[in-house]
Amino acid sequence: MALTISLDTGFGVSFNTAHAVITDFVMNKIYDEEGNKSFVITYSGLVYVDASKYTANKSPVGGFNYQFSLDVTDEADQTNLLRQCYTHLKTQDGFTEGVDA
């Protein structure tokens with residue numbers, strides 16, 4: 001799983017086929033003051049010039065870190081947390097136009 005995005009770096013360099021990959025995620029159980037539990041997913045990833053640079057294990061040109069609360073209702077489907085991270089990533093600035101790669 002990955003996203004192809006357009007990336008404008010802070011150094012004035014742009015990449016039209018940047019390759020964004022989530023590298024890790026973690027789920028933490030949190031209790032509020034009343035003892036109610038919730039789950040927060042925190043994930044991070046790297047952005048490469050393109051898919052070939054990622055495959056060749058070259059250095060990334062950027063990175064990202066995000067988090068979201070996990071939907072724990074009875075209707076929620078928790079079978080693929082990594083997919084949920086990518087779905088959330090697509091709602092973030094700079095990734096909304098991302099194409100599944």
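Annotation: side chain of L3 is in contact with side chain of D100 (closest heavy-atom distance under 4.5 Å). Taking 4.5 Å as the limit, some side-chain heavy atom of D24 sits within range of a side-chain heavy atom of S44. Put simply, the side chain of Y66 reaches to within 4.5 Å of the side chain of Q92, judged on heavy atoms.
V99 and M1 fall into different hydrophobic clusters, where Ile, Leu, Val, Met, Phe, Trp and Tyr residues are linked whenever their side-chain heavy atoms come under 4.5 Å apart, directly or through other members. When the side chains of ILVMFWY residues are joined at heavy-atom separations under 4.5 Å, either directly or via intervening members, L82 and F64 end up in a single hydrophobic cluster. Under the 4.5 Å side-chain contact rule for hydrophobic residues, I30 and L81 do not share a cluster.
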side-chain contact (heavy atoms from CB on, under 4.5 Å) evaluation trace for Q84 with F68: CA-CA 10 Å; Q84 288 186 44; F68 63 96; 4.2 Å; yes
side-chain contact (heavy atoms from CB on, under 4.5 Å) between L46 and V21, intermediate numbers included: CA-CA 6 Å; L46 298 170; V21 180; 5.8 Å; no
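Without hydrogens or angle criteria, T91 side chain to H88 main chain gives a donor-acceptor distance under 3.5 Å. T9 places no side-chain N or O within donor-acceptor distance of the main-chain N or O of V61, the cut-off being under 3.5 Å. Panel note: side chain Y43, backbone L89; a donor-acceptor pair is recorded below 3.5 Å.
Under 3.5 Å, the side chains of T17 and D50 contain no donor-acceptor pair of N or O atoms.
Under the 6.0 Å cut-off for aromatic ring centres, F15 and Y48 do not qualify, their centroids lying 6.0 Å or more apart.
To the nearest 0.5 Å, atoms CE (M27) and SG (C85) are separated by 11.0 Å. Rounding to the nearest 0.5 angstrom, the gap separating the CG atom in D71 from the OG1 atom in T73 is 3.5 Å. Atom NE2 of H19 sits about 6.0 Å away from atom OG1 of T55, to the nearest 0.5 Å.
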For a quick test of your reading: what N or O donor-acceptor pairs under 3.5 Å do the side chains of residues 32-41 make, sequence neighbours left out?
| from | atom 1 | to | atom 2 | distance (Å) |
| --- | --- | --- | --- | --- |
| D32 | OD1 | E34 | N | 3.0 |
| D32 | OD1 | G35 | N | 3.0 |
| D32 | OD1 | N36 | N | 2.8 |
| D32 | OD2 | N36 | ND2 | 3.3 |

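The nearest pair of heavy atoms linking A18 to L7 is CB-CB, 3.9 Å.
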